Amino acid sequence: MSNTRVSRRQFLNYTLMGVGGFMASGMLMPMIRFAVDPVLEAGAAGDYIPTSQKVSELTEEPVRVDFTYDQVDGWYESEVTGTAWVYREGDKVVALSPVCKHLGCTVNWAGDSEHPNQFFCPCHAGRYEKNGQNVPGTPPTGPLDEFDVKIEDDLLYLGATKPNTLV
Amino acid sequence: MLNKIYDWVDERLDITPIWRDIADHEVPEHVNPAHHFSAFIYCFGGLTFFVTVIQILSGMFLTMYYTPDIENAWRSVYYLQNEVAFGEIVRGMHHWGASLVIVMMFLHTLRVFFTGSYKKPRELNWMVGVLIFIVMLGLGFTGYLLPWDMKALFATKVGIEIAASVPFIGEWIKILLAGDATILGAQTLTRFFAIHVFFLPAALLGLLAAHFIMIRRQGISGPL
């Protein structure tokens, strides 16, 4: 202990501030933890979702594959439809996410007649090469995401999306 | 009768100085449109506040019918607009008023800028005004989602992607706004409703109080 004497006024100040701070944090802590819960929630492991796309029918031309799955949004469960652009590359199957890396619109293969061999986003004319590489000079800042792919009985299964591994 | 009630209360609580402090003050000649018509540019701040009051009132009444739930939000808006008496008017007030607030606030900002009113000693009031501007944009952004139609959904998708592009903390901001890492759905709507109806209006009222106390304390800036 040091020799500095704590005056009665200082002592009361410290205790009141301490007790007050404790009570305030006891009030605020539950509310803040409540509000940020979605940030701290662990991400659910991605299951593979079956599609009706036969792998043997895939060519080097990307085709649109729609798939449905049960989505749990808090207390609300629903069946939602997702989309992937799928093509064959040698003996590998590539499935790209249609979500534009600019601002999240939906891209189409050959959506722009002037660029028949590229993905095109109609919102701000973003373009991507077939492997998802964004075309320099267009708005997107990165390549299209890629789905994890699994093949069973010639049917295509799609998993979680991950950053593009092809470019 | 009313006078007697007033006197009865005033005798006990001495309320006259309170409202005198608020209501009795000089309006300098250079900001009075009755003297120089061009002084109407000094009205935009007051008009912003006037439209804000309309927004708060019409919004309070809209929540009597509105439901922040993805199954029912659109239907409740459709119902209150088409089935409820004067629903089109009340929703119209809130809808058009939202844009008008932004316009008036922008004109007010231009006036303050071009008359140089932000200069010493009024820098703090300019800063609070900028915070009010941000809160107003937040109110516009969160309110836009609430009808839960296609336009609202996709505008919010884009808006949240813009928020997510903030360096380092963008992803957290996105999840905090959307309530989920990937889905823009039921939890997003309830969050936006809470932010639109409770959090931002509370912040707005506090900032407006600071804005008004400061202008009253410092007075309106002098003529050009």
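Side chains are part of it too, since the values below use all heavy atoms of this structure and drop only hydrogens, waters and symmetry mates. Only a predicted model underlies this, so the values are computations on that prediction, with no experimental measurement involved. Chain letters run A, B, ... following the sequence lines, proteins first, then strands; residues in each count from 1.
Residue B/Ala186 touches chain A through both its backbone and its side chain, counting heavy-atom pairs closer than 4.5 Å. Heavy atoms of B/Glu71 lying under 4.5 Å from chain A belong exclusively to its side chain. Both the backbone and the side chain of B/Ile162 come within contact range of chain A, judged by heavy atoms closer than 4.5 Å. Contacts between A/Val99 and chain B at a heavy-atom distance below 4.5 Å are absent for every atom of the residue. At a 4.5 Å heavy-atom cutoff, B/Ile160 makes no contact with chain A through either its backbone or its side chain. Only the side chain of B/Thr190 comes within less than 4.5 Å of a heavy atom of chain A; its backbone N, CA, C and O stay farther away.
Ring geometry for B/Phe44 versus B/Phe40: interplanar angle over 60°, hence perpendicular rather than tilted (30 to 60°).
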Under the criterion side-chain hydrogen bond (donor to acceptor under 3.5 Å, both in side chains), I'd like the reasoning laid out for A/Gln118 against A/Asp112: C-alpha separation, chi angles, the key distance, then a yes or no. CA-CA 8 Å; A/Gln118 287 181 344; A/Asp112 180 18; over 6 Å; no
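Considering only heavy-atom pairs separated by less than 4.5 Å from chain B, the leading option among A/Asp73, A/Val36, A/Val80 is A/Asp73. In terms of heavy-atom pairs under 4.5 Å with chain A, the best-connected choice from B/Lys174, B/Gln187, B/Glu161, B/Lys157 is B/Gln187.
Aromatic pair B/Phe192/B/Phe141: centroids less than 6.0 angstrom apart. Aromatic ring centroids of B/Tyr66 and B/Phe193 lie under 6.0 Å apart.
Salt-bridge check for A/Lys162 with A/Asp145: failed, with every basic side-chain N at 4.0 Å or more from each acidic carboxylate O.
Per the SG-SG cut-off, A/Cys121 and A/Cys105 are not bridged by a disulfide [distance not under 2.5 Å].
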